[in-house]
Amino acid sequence: MNEKIKVYDMTCGHCVKRVTTILEKLPSIKDVEVTLEDETASFSYDPEQIDLTAIKEAITKAGYPTESKAVESIDEPTNTEKTQIDTKVQPPEIITPSEKENKTVTKQFELTGMTCANCAMAIEKKVKTMDGIKTANVNFASEKLSVEIDTDKVKDEEIINKIKDLGYGVKTKENKTQFKVNGMTCANCALAIEKKLNGTKGVQKTAVNFANETVSVEFDPETINIDTIFAKVRDAGYEPLKNKDDKDDLQIANKERNWLIFSAVLSLPLMPIMWFLPMTPGVIYFMFFIATIVQFTAGLTFYKSAYHALKNGAANMDVLVSLGITAAYGYSVLTTFPDIFFEGPTFFDTSAILITFIRFGKFLEARAKGKATTALKSLLELQADKARIFIDGDEKEVSASSLQIGDIVVVKPGEKVPVDGEIIEGQTSIDESMLTGESIPIEKSVGAEVIGATINKSGSIKVKTTKTGKDTVLSNIIKMVEDAQGVKPPIQRLADKISQYFVPIVVTISVITFLVWYFIVDSDFVFAFTASIAVLVIACPCALGLATPTAIMVGSGIGLNRGILFKSAAVLEEIATLDAIGFDKTGTLTKGTPEVTDIVSFEKYSRDEVLKITAAGEKPSLHPLAQAIVKEAHRENIIIEDVTDYFEESGHGIKCTYNRQTLLIGNIKLMTKYKVNYQNTLDDFNKLASEGKTTMFIALDQKCIGIIALADVLKETTKEAISRLHELGIKTFMITGDNQKVANVVGQEVGIDEIIAEILPEDKINIIKDYQAKKYKVAMVGDGINDAPALAQADIGIAIGSGTDVAKETGDIILVKNNLLDVERAIRLGRKTLTKIKQNLFWALFYNVLGIPIAAGLLFPLTGHLLPPEWAGLAMAFSSVSVVTNSLLLKRYENVLFQLEH
């Protein structure tokens, strides 16, 4: 008996597969066909072996009701309806007087990663088992969990952790901010801001990036707001900037250049005066006058920074500089007035030139930092400034930032598309190289999506705005890059810890240096004093602070230029240590759409004739396989004729009339039903079917004239990508819901190590956990909603750029160009960046380990000379510049990494 029933709450292809599997396992059921579009399940069964009620019960028990909610009892709403009612009438948190006494509140959480009604049921079931949870309802449609909890027994964090353990995510309120800060001079300044903010109630986590002068803060919006956070930063002695564009690197470099010129003009004449002129009172007073101007203008910034650092219980580089220039200048002031104080040499040239050299270092550092952030700047420059809006038949030029959703924009040839939108009139070719890296423009017409900052190359089009501001593709990319450059990776903790104790240790060494030379070696005061100052000014915590973030900025910039987006700095480091990578099959290893792979002709017909006849029969159908055949005919420039009497036979194929002859396209059941002799074609059919291909017969006028096979074919780069990963020593595995035969064919063709097939979306996360339990560091590559939980569970989630928004939100890395070779490139880039970080840290530490003893006079017995403090200051400046320059050398690796596929 044939039957067709309604099945509700199916949301994706895996729901369809699940219902199909349930039906196929029941006694006597055959010819199962489940469709998502019209929510139906068609099948044939033997009523003597199973009745329809039992079939419906089996489907309903799996979470897919077979009766419409509209006919269910109004008095007793279903669990889903209860959730919907709760969602509509309850605010995020309700506390009534009686609830206050019982400490019971109702809360809501926004969920991510659910793919079907079963996901909702699983969350609901597990959360209900938690101690302190009185009721729990999950609304799959609105993706919300509503819980009634006893606040004495369970906390929000525990509920969130439980949901994450199940493989799903929880959206939180906007509790992150990132802003620029003016006034940082070294890594210890960054640590001072972190210390200040982390000690503030409501601030959960702070990360300060000294290299690009940004502060990233996670906070509780119900406890603290942005203004309070800014006030704390000001109290620490630094200036937060609300608008990130208020201060760009060029302006900073220009400002440092101006200060350098000012201090150099005043201080450099002091050196020849000291060397060539007699130290008469007049000369000394002149030097005092010049040095005082430099000390309290160009040098004032060091005092301000040191004051705020010490006030907040920290010590930064400017404390060292301030001690050095104050000691030299202060001692010189005392000896300038011997009648009041005492006689002795002056060090006015030392303090003034030291300030000049350090200003020189700051100028070089500012320029080098600017080069490290060019990737982000180039992105910002891509945004269109103006737009031509279409209102009541007229065009008006407006600012692109003023556009609203629904506005119609006219884009003419050669112009940038100002917004994300949909073409409603015209056709053109769009250059999307800024997004994908592909130089060939893409043809687009009415209904196609366009992305802001891409370039219209040919025809004039009208675009309806669909996304503006922070929701646009380019804005999201910019935010991801900023986040990646603003968050500290684990390796920087070592540098931060060293920097924290660095200044006190250096001051101690400086004092010991003076005491040893003056009291133990019995040198004169000037000698001991000079060595002590040199120790203070040669020490440089800046190099340690710049070691990690500059390499991260350059590395993430290289990835950005080539379509690999790292969402955080930690990801760029962690990907370097991967042991295993899992791949989804459909849409990841394969193209995700069926293509014609084989055409076998029989009788007197040629291959092209078989394709032409089949395309004619499939032309009226909307089935993906039919459309693939029609697409292949178009690709081969075959003219497709029309057929008549078209009829689709569910589960069998199609029947129609072609040139007054009966045309049949379908499976063996269709051929058998219409008594077509297909025996001579079975060898070819079985061979193609054994390769995991979908194969169909074509019969014309009761004769089998051909066989067409289709498959979801591999992406062009898949084989090479897997091979390259194996060269890196990484284990590969494939996780798919497809049948084992198809999975084996695909897996064996690409050479993947392990093939895991016929699993449900919720099982993917368990596969990842199994690998992690074996001590593998695992990445997951996927593109669909069903991959989101696995992407979240993996140590590194890699989302394909053409995939769903959920997958891209869950992933840690996004491959914009959908090229699997970029997986291997991302790993190599991560490894190279980590190597560069280690080099930077080594040289920063080596510089100080070597430089401080030299400044203290270690080589004096061999050379007979001390290192002058001003040269120590110059050496300190160049140590920071060398670290940044070493990071910039990473750019040379870009061409090697992204060489053309061979």
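Checking Y658 against E641 by side-chain atom types alone, a donor-acceptor pair falls below 3.5 Å. Inspection of the Q772 and Q793 side chains reveals an N or O donor paired with an N or O acceptor under 3.5 Å. Checked by atom type, the side-chain pair Y771/E754 shows a donor-acceptor distance below 3.5 Å. The closest side-chain donor-acceptor pair between S28 and D46, if any, does not fall under 3.5 angstrom.
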* Check the pair E716, K591 against salt bridge (charged side-chain N to carboxylate O under 4.0 Å, His left out), reporting the backbone distance first and the verdict last. => CA-CA 9 Å; E716 291 80 0; K591 292 183 178 179; 3.1 Å; yes

* Check step by step if side chain to side chain donor-acceptor pair (under 3.5 Å) holds for Y674 and E649. => CA-CA 12 Å; Y674 288 96; E649 297 203 18; 2.3 Å; yes

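Applying the 6.0 Å contact sphere to NZ of K4 captures no more than 12 heavy atoms from other residues, nucleotides or ligands.
A side-chain donor-acceptor contact under 3.5 Å links K444 to the backbone of E449. K764 contributes no side-chain N or O that, together with a main-chain N or O of T736, makes up a donor-acceptor pair within less than 3.5 Å. T657 places no side-chain N or O within donor-acceptor distance of the main-chain N or O of Q661, the cut-off being under 3.5 Å. Side-chain N or O atoms of D712 include none that pairs as donor or acceptor with a backbone N or O of T590 at under 3.5 Å. N677 contributes a side-chain N or O that, together with a main-chain N or O of Q679, makes up a donor-acceptor pair within less than 3.5 Å.
Using a 4.0 Å cut-off between a side-chain N of Lys or Arg and a carboxylate O of Asp or Glu, K655 and D645 do not qualify as a salt bridge. A salt bridge does not link E422 to K467: none of the charged side-chain nitrogens sits closer than 4.0 Å to a carboxylate oxygen. Salt bridge annotation for E636-R607: present, with a cationic side-chain nitrogen under 4.0 angstrom from a carboxylate oxygen. Electrostatic pairing of K619 and D642 counts as a salt bridge here, judged by a charged N lying under 4.0 Å from a carboxylate O. A salt bridge is defined here as a Lys NZ or Arg NE, NH1 or NH2 lying under 4.0 Å from an Asp or Glu carboxylate O, and E158 with K162 fails to meet this definition.
Closest of all the heavy-atom pairs between I705 and Y605 is CG2-CE1, 3.4 Å. Taking both residues in full, the closest heavy atoms of T681 and I707 are given as O-CD1, 3.5 Å, listed atom of the first, atom of the second, then distance. Scanning all heavy atoms of the two residues, the minimum distance from I5 to K56 falls at CG2-CE, 3.9 Å. Of all heavy-atom pairs spanning M671 and L664, the tightest one is CE-CB, 3.8 Å. Between T466 and G421, the shortest heavy-atom distance links the atoms OG1-CA, 3.3 Å. For S601 against V610, the heavy-atom pair with the smallest separation is CB-CG2, 3.6 Å.
The closest side-chain heavy-atom distance from L52 to Y45 is below 4.5 Å. Looking at heavy atoms from C-beta onward, T662 lies out of side-chain contact with L700 at the 4.5 angstrom threshold. Between N667 and M696 the shortest side-chain heavy-atom distance does not fall below 4.5 Å. Side-chain contact check for I629 versus I665: every heavy-atom pair is 4.5 Å or farther apart. Considering only heavy atoms from C-beta on, F43 comes within 4.5 Å of I55 through its side chain.
Test V746, T718, T597 against V713 for side chain to side chain contact (heavy atoms under 4.5 Å, CB included) and you get one pass: T597. Evaluated for a side-chain hydrogen bond (donor to acceptor under 3.5 Å, both in side chains) with N744, the options Q748, Q740, K741 yield exactly one hit, Q740.
With rounding to the nearest 0.5 angstrom, the OG1 atom of T732 is 6.5 Å from the CZ atom of F583. Atom CD1 of I654 sits about 8.0 Å away from atom CG of L670, to the nearest 0.5 Å. E632 contributes atom CD, which lies 6.0 Å from atom CD1 of I599 (distance to the nearest 0.5 angstrom).
Residues passing the ring-ring contact (aromatic ring centres under 6.0 Å, His included) test with Y678 are F697, sequence neighbours excluded.
Among residues at least two apart or in separate chains, salt bridge (Lys or Arg N to Asp or Glu O under 4.0 Å) pairs with a member in residues 678-687 are K687-E691.
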